[in-house]
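By convention in this document, chain letters (A, B, ...) are assigned in the order of the sequence lines, proteins followed by strands, and residues within each chain are numbered from 1. Just so we're clear, the structure is a prediction, and the values are computed from it rather than from any experiment.
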There are 2 protein chains.
Amino acid sequence: MTETTTRDRPLRADAERTVRTILEVAERVLGEDPTASLAQIAAAAGVARTTLHRRFASREALIDAMAVHAFRQVEEAIDVGRPETAPPLVALHQITANVIQVKSGWRYTVGQPQLRDPEAVAAHERIFTKGHLLLDRAQQAGLLRPDADLEWARRVYHALIEQAIQVQAETATDPDTLAAAVVDTLLNGLGPERS
Amino acid sequence: MTETTTRDRPLRADAERTVRTILEVAERVLGEDPTASLAQIAAAAGVARTTLHRRFASREALIDAMAVHAFRQVEEAIDVGRPETAPPLVALHQITANVIQVKSGWRYTVGQPQLRDPEAVAAHERIFTKGHLLLDRAQQAGLLRPDADLEWARRVYHALIEQAIQVQAETATDPDTLAAAVVDTLLNGLGPERS
DNA sequence: CTGAACTGCAACATCAACGTATCAGAGAAA
DNA sequence: TTTCTCTGATACGTTGATGTTGCAGTTCAG
């Protein structure tokens, strides 16, 4: 019985939990060893291997589902920071902290190079756009140089967040502290105060 | 005949080339698909699968060899920039450009999380130290804030280089231009000039 | 309560990747 | 030229991952 992503009927409550558990455990296991087998993942999740196959037709399907799940959470993390309405500096800080928080829990998935699932791709694009928009507002508010390349800015911002996530993984630092460091570095760099 | 890394006699010239070709092709193929089989790699390299096995006992051995090869090149790229003697700003720019150049050709290998081969680990540590040292000199020269956290600085520097590499992969920009952007962003950030 | 959904277990089939061995021929190296 | 190394081709055996099926027992939902 080949199971596809779309279902005629909604999952039962316990099955829903099983799915979520598998997704979260898979993230952890694959984060430790990207070549881990589905059997290992199933065992770590405390379910039979057949159950995993029942929910996810193949390894690819599982990873795709993880991507959708993760990117939805990231998008949510951005949205609650009101990127369009909150004062740019506030939104910048808040969103940075939120994203660091969420992405820390989905390092493997988010780090995957290629997105196969169209829904994941769509979510990723929305996230991309929202980040761009946020930086655009920051620029218009004078937080970024008027002549700054927004594409480069977005990349730098992204890279700084990645670093913050690594720091968090190693030292369990408060997300707000990290967000402050990210924003400060993004805007001011590490050079001396200029007169 | 299980072949180990150490050999009694040096490789013949043509065999030496074969090894290098395999390493370089493996980087490219695995970069496109990290799950590519050894057979695919061998085919792409234009050698028989048995030849690949002759030179590299296992998949792990191959990847380890790639790591050693790549990190040696990165170290070389740093060294020619005279990180200990050249004026800090010059060294910073030069080394940044060199490293971007080299790392661009070894994205997959350098991006690998865990280093098994002790030689690769050693090289990585030396690189790590040299980067730290460079930033330390930069700080003493007043390029970085006196109170800047050098560990965070190193991370940021590293992250910016990674981004530059991605830009290069997509737009084939001149390494010097990218290095300038990296150094400028590192020191000044993207915020407006402060009075 | 009762049917439907869900899970674990066991068994099975397939298959690709891996690793090894052998040998004949081509090609460096001396 | 002669020796030794290297390579390609072929063939084989092993193993682990993957995917499927059937069924019996459990648990949710209405």
Quick note, B/H53 side chain, CB onward, closest among D/dC28, C/dT20, D/dA17 is C/dT20
Rounded to whole Å, CZ of B/R55 lies from C1' of D/dT7 at a distance of 9 Å
*Salt bridge check: are A/E84 and A/K130 linked by an N-O gap of less than 4.0 Å?*
no
note: A/R17, atom CZ; D/dT27, atom C1'; distance rounded to Å ~ 11 Å
| task | Report yes if the side chains of A/R72 and A/E119 come closer than 4.5 Å at any heavy-atom pair, otherwise no. | result | yes
Rounded to whole Å, CG of B/D33 lies from P of C/dA16 at a distance of 15 Å
Of C/dA17, C/dA29, D/dT7, the nucleotide closest to the side chain of B/A15 is D/dT7
Checking C/dG19, C/dA5, D/dC28 against the side chain of A/R9 (C-beta onward), the nearest is C/dA5
_OP1 or OP2 of C/dG8 versus the side-chain N and O atoms of A/T51: is any pair under 4.0 Å?_
yes
* So does A/R49 get a side-chain nitrogen or oxygen closer than 4.0 Å to the phosphate oxygens (OP1/OP2) of C/dG8? -> no
Taken to the nearest whole Å, CG/A/D14 to C1'/C/dC6 is 6 Å
The nucleotide from D/dT5, C/dG8, C/dA5 with an atom nearest the side chain of A/A48 is C/dG8
Between CG of A/L62 and P of D/dT18 the distance, given in whole Å, is 10 Å
B/E16 CD to D/dT7 C1', in whole Å, measures 16 Å
Next item on the list: Indicate whether OP1 or OP2 belonging to C/dG27 is found under 4.0 Å from a side-chain N or O atom of B/R12.
Entry: no
Atom CG of A/L30 and atom C1' of D/dA17 are separated, to the nearest Å, by 14 Å
Can you find a side chain N or O atom of A/S58 that sits less than 4.0 Å from OP1 or OP2 on D/dT18?
-> no
Do B/E162 and A/E162 make a side-chain contact, defined as non-hydrogen atoms from C-beta onward lying under 4.5 Å apart? no
message = Under a plain distance cut-off of 3.5 Å, with no hydrogens placed, do B/Q168 and B/T173 share a side-chain donor-acceptor pair?
response = no
Quick note, ring pair (Phe, Tyr, Trp, His ring centres under 6.0 Å) partners involving residues 83-129 of chain A, not counting sequence neighbours, are A/H69-A/W106, A/F71-A/H124
Out of D/dT7, C/dT7, C/dA11, minimum distance to the side chain of A/R54 belongs to C/dT7
In whole angstroms, the gap separating P of D/dA17 from CG of A/L52 amounts to 14 Å
Among C/dC18, C/dC6, C/dG8, the one nearest any side-chain atom of B/R59 is C/dC18
Contacts of B/A13 and B/S37 projected onto DNA chain C by closest heavy atom; the upstream (5') one is B/S37
Open item on the list: Would the base of C/dC9 count as contacting A/T50 through its side chain, where contact means a donor and an acceptor less than 3.5 Å apart?
Closed with: yes
